[in-house]
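Notes to accompany the following structure.
Chain letters run A, B, ... following the sequence lines, proteins first and then strands; every chain starts at 1.
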There are 6 protein chains.
Amino acid sequence: MHGHTISMRLVPSTTSAMGIYSLRQLHLSRAKLKASSRTSALLSGFAMVAMVEVQFIDSCREGPEGKTETDECPVPQWLLVAFSLCTTLLVAVHLLALMISTCVLPHVEAVANITHVDSMASLRGTTATVSESPHITMHKYIEAAWTFSTVLGILLFLVEIGLLSWIKFLGYSKNAAIGSTVLLVPIVLLFTLFTFHFYWKLVAQKVEDADKTLQELEEQLRV
Amino acid sequence: MHGHTISMRLVPSTTSAMGIYSLRQLHLSRAKLKASSRTSALLSGFAMVAMVEVQFIDSCREGPEGKTETDECPVPQWLLVAFSLCTTLLVAVHLLALMISTCVLPHVEAVANITHVDSMASLRGTTATVSESPHITMHKYIEAAWTFSTVLGILLFLVEIGLLSWIKFLGYSKNAAIGSTVLLVPIVLLFTLFTFHFYWKLVAQKVEDADKTLQELEEQLRV
Amino acid sequence: MHGHTISMRLVPSTTSAMGIYSLRQLHLSRAKLKASSRTSALLSGFAMVAMVEVQFIDSCREGPEGKTETDECPVPQWLLVAFSLCTTLLVAVHLLALMISTCVLPHVEAVANITHVDSMASLRGTTATVSESPHITMHKYIEAAWTFSTVLGILLFLVEIGLLSWIKFLGYSKNAAIGSTVLLVPIVLLFTLFTFHFYWKLVAQKVEDADKTLQELEEQLRV
Amino acid sequence: MHGHTISMRLVPSTTSAMGIYSLRQLHLSRAKLKASSRTSALLSGFAMVAMVEVQFIDSCREGPEGKTETDECPVPQWLLVAFSLCTTLLVAVHLLALMISTCVLPHVEAVANITHVDSMASLRGTTATVSESPHITMHKYIEAAWTFSTVLGILLFLVEIGLLSWIKFLGYSKNAAIGSTVLLVPIVLLFTLFTFHFYWKLVAQKVEDADKTLQELEEQLRV
Amino acid sequence: MHGHTISMRLVPSTTSAMGIYSLRQLHLSRAKLKASSRTSALLSGFAMVAMVEVQFIDSCREGPEGKTETDECPVPQWLLVAFSLCTTLLVAVHLLALMISTCVLPHVEAVANITHVDSMASLRGTTATVSESPHITMHKYIEAAWTFSTVLGILLFLVEIGLLSWIKFLGYSKNAAIGSTVLLVPIVLLFTLFTFHFYWKLVAQKVEDADKTLQELEEQLRV
Amino acid sequence: MHGHTISMRLVPSTTSAMGIYSLRQLHLSRAKLKASSRTSALLSGFAMVAMVEVQFIDSCREGPEGKTETDECPVPQWLLVAFSLCTTLLVAVHLLALMISTCVLPHVEAVANITHVDSMASLRGTTATVSESPHITMHKYIEAAWTFSTVLGILLFLVEIGLLSWIKFLGYSKNAAIGSTVLLVPIVLLFTLFTFHFYWKLVAQKVEDADKTLQELEEQLRV
């Protein structure tokens, strides 16, 4: 009895290939939620400041008859509409990501903190805790927060930078605004390319991981 | 005597299903309070900056006879009243959440820190500490801070963004303000939907958790 | 001799009900000081920014004869006096809380860090360290910092928001300023109510805690 | 031989009263340096922002003949001189505190980090490391950083708030500036009182601590 | 059997030269990603604020005929174009670095956190986990984020500072703008030199490390 | 064999005087890099904000003939040149320090994290890891980052404050600018004095440390 207890402690349940894989998913979810909450707070913060602090040119103010004197205001109507839509969408996307990670993260952290204490405990206890963990049942939300915060959020942010440089420079130098937009096109392409390449690599690795886990399980069953 | 002491240490009280559940609630409360205090500080900070820094159009100033010249000022009275009410409510809701988490968090953290030391101690000691813990007696306050900070606070924040874009864009482009509002309607619906879905999932999981804990306790009693 | 040393390590001094209670108070003091220093830094920071950045209306400038032309300036004298007093008091209260926690926290942290090392040591050492700890001798200061930072500081902050919305909106819409004030009255009442309810609950729990500790000590003495 | 090694580990050198006292001083120095560096960064940051952002009234600009038209500018010369001196002194005091803690803290942290590893080692090693530690040889600098950051720095900051409210409000409402100053006088007194009381309590506790350490050493020598 | 288990724990798999080298690479990747995400957030934050807050001189506004009155506006067109391009590139480079580290860091952290638990486990488990780690398969991305954030990002930032001082000072003092540029030339050279020297040193050390690892492996095989 | 393994764990390699000294240097380097990166981020951040936000007086704008009307602009040309040079140098020095610590810190942290795991391993492994550590091969860079960030960076910052108060106050009160400069002269002297004293003390302690290490090594060799 005594020797059995000691060996349980030295070879904890997490050594089994299945346990490590499950624990790794838990830590991955936690790190993803933390990273997306940090990125969202940063980028939504700037979008808000840009909205409050940006100064429109006085000559663009609408007259009482609802029309601007077009010969004086260099900023066209559609630019203001696009800026307004982009800022609202940007803030909303990041707030949604922030809300999801604020909702889900405490549940994931509670399980991750328990696992530390638990890893010294018996085999059955551990697997039970991890399997009923929110990082599996709330998997869809975690991926949504992640996608909103990194992929959609950063792409929208690049568009916002482009629109902002039009609003900022249009009155002073049209070439500056055009140059900024020309530069942004390949950058947005690079972002999209990276996103797809990264996603493809991730799926490839997940398949490989599952293969390895299966092989290890087979080997363990043989031994 | 000697062997008994060692086994107590290797199989601490937290391995019992009841203990783990209680500990998990403790960590959940702590993570919730931390997350709501961080979110509240961020969002109330922006609401304050927006209130101090936003510039109203000069032509909207009230004359000595208490009336604005309506043909010059594009911002109607009710918009300013709504903005004032929304900002005050937003700041107050986040301050209330901040106050509650500042009050309750130290009590929860003190117990959580003790549990680490305590987990090496005897069975009776641990359960005593956790059961007299503030995360149960102050449960209502923790949920209130959580709801104020995430659900009510973020919804109010979206409304604030909508009002801000009206105040900011009304003098320049009515379409920009309308576009922003039209975009916000489905987003607010999405937020509400997510909130209810998340809440429903949480209740469902809680029921399932309680079932599992009961089953495990039954199995433990049989063995 | 050998067995005695091991049992001392496995059942450290902190398992005694008295030791845990004392340790819990130590961690509570530390968490309180940390929370009040964080809250004070945040709120005093905003109060300062509000003071430096707020723009008074030009027409309110005092003429050389020391009187303002009352038909042009909508902000009355008493409002500026109230704003000045409230900002000064708000900053001072938070600076006082910041100063106390900056002074007392290092002493509490030094003891808390020692306790970790100490908890593996002999029984006599631990209790000696904790009892001569600053969290007991400086108890009054910790409570003062706490009260200044949370109760007084947040109430003053709500008043500041009210005054700020008067200064900001008075020139544009009297109704907005009135609406904000009307909204603040029930909120301030809610804050006061929560404070008293929380305080009452805390005192009740302290009495209960003391009762339990006494009972446990009695049981320990019997065994 | 075997038993001797184990007992050394279970009863480390830090259990001796002298070792704990020395280690506590080390942690106290570290916490003090950290707290003073945080406070200094916060307060000097605000002083800088206040200096860059504050707007002087245009009518106070000096004419080419080096004299201001006194009937238009409400801010007297001595107020600007006092504000300039106070801001410079405030920033310098906090920068000095920041510099000292940036210089000394790494040396103290290196020793504190070593102590963790070291505490499992032999008796002789530990005491050697701690006694040659920078927290003793650089004791004067640590106290200087502490005093600069908390006592002098916060008092200067209160004076800065007073001066700022004079510069800000003088053109609009003399009573607001006077009210703020009248409020600051008892607050500065309260700060000074607290500082002296806290210092006196600290010295008293140090004497008591030294007495206790001596008594414990005597008791240990007897046993 | 019992003795075998204990020796496995005391001499974990990481003691083998290969394991330590692999683990060190893992921690290096994590630290690099963390550092580049922090630097990118800081520098992109400033670039954004500089873009939103910088004020162009009113006299430089383009007239309705698309031409500025050149005798009044001291800022030439190409300067605005260069500033616009540099800001866009700077923000995009840092956002790209931020996105890569937000994407890759969670995967690296999940493995690093597992390694702690795992290091108490069997030899085979550890090497399996580390070898299938993302810090090797995503090595190219980590180096890209690193290069974007530190090398390219800081060089672009120096150029931005130079352009900003031209835009800021050109209307007031041409010499100030020229002086700033003259000062920046040797600084940019120093940066480039440091980058190449550091890179060369790193490659040299990597070669040396590989040599040492080989030698140690040979020695281990002999023993 | 069994007893040998245990004694290796209980008396790790770091207990030897040489190992502790080496480990202490490692932690010192890490703490220095962290501190200098934090200080540099703070101070360069302010220097940037000061550059973007400072408002020059309109009357100082250069006319089309490249000359300012000297009877209206109180700020002389050399002051603007000095401010431009000082800001550029200040930002560059802190960016250089930031870049060095961003480059070197990950390498030092990777080794420091490994050491924790490694300290339970065999003697030979540890010394090998620490001796091939970047904190020795990159020693020159660490000291450079340190000096740039603390000594040069803070002295330049004090000069910047002096120049800023001239630019800010010159139009309003010459005495305020003179007073600020007069105050800065003894403060800069105090800084230089402290730097030299601290450096001298450090060298003295290093010599003493080396002596002690030699003595301990001699004693160990005798035993």
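Both the backbone and the side chain of Thr150(E) come within less than 4.5 Å of a heavy atom of chain F. The part of Leu42(E) that comes within reach of chain F is its side chain, from C-beta onward, which places non-hydrogen atoms under 4.5 angstrom from that chain. With a 4.5 Å cut-off on non-hydrogen atoms, Phe46(E) touches chain F through its side chain but not through its backbone. Using a 4.5 Å cut-off between heavy atoms, Leu190(E) touches chain F through its side chain atoms alone. If you measure heavy-atom distances from Leu28(E) to chain F, the contacts under 4.5 Å come from both the backbone and the side chain.
Side-chain N or O atoms of Gln25(E) include none that pairs as donor or acceptor with a backbone N or O of Ala110(F) at under 3.5 Å.
A side-chain contact (heavy atoms from CB on, under 4.5 Å) with Ile187(E) is found for exactly one of Leu89(F), Leu96(F), Val91(F), namely Leu89(F).
The two atoms that bring Ala176(E) and Leu80(F) nearest to each other are CB-O, 3.7 Å, heavy atoms only. Ser180(E) and Leu85(F) get closest at one heavy-atom pair: N-CD2, 3.9 Å. Contact record, Tyr172(E) with Gln77(F): O-NE2, 3.1 Å, taken as the closest heavy-atom pair.
Interface remark: of the candidates Glu109(F), Met99(F), Met48(F), Met48(F) forms the most heavy-atom pairs closer than 4.5 Å to chain E. Of the listed residues (Val182(E), Leu202(E), Ile178(E)), the greatest number of heavy-atom pairs within a distance under 4.5 Å of chain F belongs to Leu202(E). Contact count versus chain F (heavy atoms, under 4.5 Å) is highest, among Lys32(E), Arg38(E), Lys201(E), Lys168(E), for Lys168(E).
The CZ atom of Phe194(E) sits 4.5 Å away from atom SG of Cys103(F), with the distance rounded to the nearest 0.5 Å. To the nearest 0.5 Å, atom CG of residue Leu95(F) and atom CG of residue Leu43(E) are 6.5 Å apart. Expressed to the nearest 0.5 Å, how far OG1 of Thr102(F) lies from CH2 of Trp146(E) amounts to 6.0 Å.
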